[in-house]
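Down below is the structure, laid out as structure tokens.
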Amino acid sequence: MTGSRFFAVLAFGLCAAAIGYSDPGRAGDTPPVAPPPAAARPRPASTVDAILFGRSSAVEGERLFGQKCAFCHVGPSTGAMMLGRRLGKDKAELPKRTDLAADYVKAVVRNGLVNMPPFTRVELTDAQLDRIAGYLARQARP
Amino acid sequence: MASLLPHGVSPSGFAKALAQFRRVVGDQWVLDSEDDRQTYIDPYALGDGKDHDSSAIIAPASVEEVQAIVRLANAFKVPLWPVSRGKNLGYGGSSPAEKGDVILDLNRLNRILDVNERQASCLIEPGVGFFDLFRHLKESGSHLWMSVPGNSWGSVIGNALDRGIGYTPFGDHCEQLCGLEVVLPDGSLVRTGMGAMEGSATWQSYKYGYGPGWDQMFMQSNFGIVTKAGVWLQPEPEMTAKITLALPNFDDAGWAIDILCDLRRRDVIQHNIVFGSPVRAASTMSQRADWYDGKGALPDSVSETMMKKLGLGWWTTKISLFGHEGTVTAQIDLIRRLFEPKLGRALEFEIWKQGDPPEKSAQGIPTTMGLQCVNWYGGRGGHLSFAPVMPQDGSLALAYARKIKAYYEQVGQDYYASFTIGRRHINNVSLILYNRDEPEAVSRADRLYRHLLAEAAASGFAEYRGHISYMDAVAQTYNFGNGALRRLNDRIKATLDPNNIIAPGRNGIGRHA
């Protein structure tokens, strides 16, 4: 009986929800020196925020990720929960990953992975996938 | 040369047909490689899914292209399997009922043509998904609400045409459709309802038009390809209230279903109410291995531990109320009077009023969280749903639940059931979860489904919707007059679609022997 594992997952869900996405496109550029005071912190990302993710971004890959992927991979969502379970909570949400190579993203999208179904080249064209993969790999560390 | 051919088509005939299809939609939008076809295999297939493989995919972007393809398909006798977005997960995804059909993927017909804020309706194409419409409404500052199904990844129109449901007062999705545009099997175009008039000003306002109403004919059928539909939306109410009720005992299903059904018939509760067993909730939050790693069905003692840790009951149900503040407040009082003495505790509703965050409300917010359930057993998971329509009778539902649970335990499957309470019926959804790469689990799912189908039919209950692998089996249970309805369907099919071009075998209609 490993009910505690469940609570770890639940706790992760709450923690992921508490992070917030006021400007996810720039989140990686300038790490904050000190945590802002509670009142100034962005409000937790909600389900609706995840659905609307990236909509005003200037980066096409981020906008496309927002339309096609974010509802499963941002905030309290299916893909984030499954990845958090499998790889640890720091790897749960794709926009924050620093270990994603563009080719890996493309392979997963076209072939599916465990419970993620593959995307067809009609639903997501190769050109669109290039943009999304480029966006997700932007923080990749060599 | 193609590695798989459509039914009755020669290799050279198919090659010619594909060349013609490419001229209509462009090379990029006709896919026939092994890799591309693999992406259209049902991700929840029972096994590798090759028994429902397609021979190619065509993705038109306009009604005119759909018409041209249908005419060519007639000329070359190539059967087409239309999908709106291909996310009918649990029912076959994009895969055709008959192996070798060409999938007609309507994803690119994805325009939201109109949202009428005042009339609370919209006109959309089949490639528009629930997330797309939701985003559009929020970005445009609309005050219209949607109803969404448990898995909202798919198409608004596709879900409605397969009679999918949601959990708000607009949750009977097929009933929200108002006016269709349909490409008929000969490639001609028809508009139903008021849309039958050129320049009609009321296509999305009145469903029936003049003379027979044909809209139902295009639901769960293969008599045409819907290329536009009007959909009614819900004007934002003044207030909503919602509550999750956990009923501690298995037997509580009897009395609770009777109360809920009465409230539903009286329209106090205006939405489809789901009433689910512990695994239903637990499988969206955890995996089986978190609780139990033994073989066979989950023991009751483990279910009870799960219930305690997750705050579930043997049955867990969610009630939502929508309307003006005075109405909602009065309905809360009524529900408290009915349930509090039985449960021995006060009920706390979560209240939303205009201006509060949307998540607090009872509106439909698209989600894929329900899909987590396929991870219950681990591996590449899938689910198969058996959902017979039953009358609204608590003691009958309870007795049925006992019988089905016992059978799940006998075959070693974790019991997962819900009762969806509609306006005059109950839909007993028995979900069968499996790891699709485990042959034993797949064969158990198949045995269980066929048993449930026969068992329900013997009691006078039939399935409301069917997976591609069981469409014919389900259609056979509709056997009044030695299958009179099937014969009618087949006669209409033969008249409208003499070449059997559109989705042969869908819902058991026009199947090849």
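First the proteins, then the strands, lettered A, B, ... as listed; each starts at 1.
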For this session: Could you pull out the closest heavy-atom pair between Q67(A) and R135(B), with the gap in Å?
Result: O-NH2, 3.1 Å

Problem set entry | Heavy-atom check, side chain of I51(A) versus side chain of K138(B), under 4.5 Å | no

Exercise. Does K87(B) reach the side chain of E123(A), with side-chain heavy atoms less than 4.5 Å apart?
Worked result: yes

Exercise. Who passes side chain to side chain donor-acceptor pair (under 3.5 Å) against Y40(B), sequence neighbours left out?
Worked result: T120(A), D105(B)

For this session: Could you tell me whether a side-chain N or O of E359(B) sits under 3.5 Å from a main-chain N or O of V48(A), the two making a donor and an acceptor?
Result: yes

Exercise. Which bit of P357(B) comes within less than 4.5 Å of chain A, counting heavy atoms only: side chain, backbone, both or neither?
Worked result: neither

Problem set entry | Flag, side chain of N115(A) to backbone of G381(B), donor-acceptor distance under 3.5 Å | yes

Problem set entry | Non-hydrogen side-chain atoms of R110(A) and D35(B) separated by less than 4.5 Å | no

Exercise. Between E139(B) and chain A, which part of the residue has a heavy atom less than 4.5 Å away: side chain, backbone, both or neither?
Worked result: both

For this session: Search all heavy atoms of M285(B) against all heavy atoms of R85(A) and return the closest pair with its distance.
Result: O-NH1, 4.2 Å

Exercise. Within the distance-only criterion (no hydrogens, no angle test), does the side chain of T78(A) pair as donor or acceptor with the backbone N or O of T368(B) below 3.5 angstrom?
Worked result: yes

Problem set entry | Interchain contact, R436(B) with chain A, by part (heavy-atom threshold 4.5 Å) | neither

Problem set entry | Minimum heavy-atom distance between R380(B) and V114(A), given as atom pair plus value | CG-O, 3.5 Å

For this session: Could you look at S152(B) and say if it's the side chain, the backbone, both or neither that has a heavy atom under 4.5 Å from chain A?
Result: neither

Problem set entry | Parallel, tilted or perpendicular: ring planes of W153(B) versus F71(A), cut at 30 and 60 degrees | perpendicular

Problem set entry | Distance-minimising heavy-atom pair for M82(A) and N375(B) | CE-CB, 3.7 Å

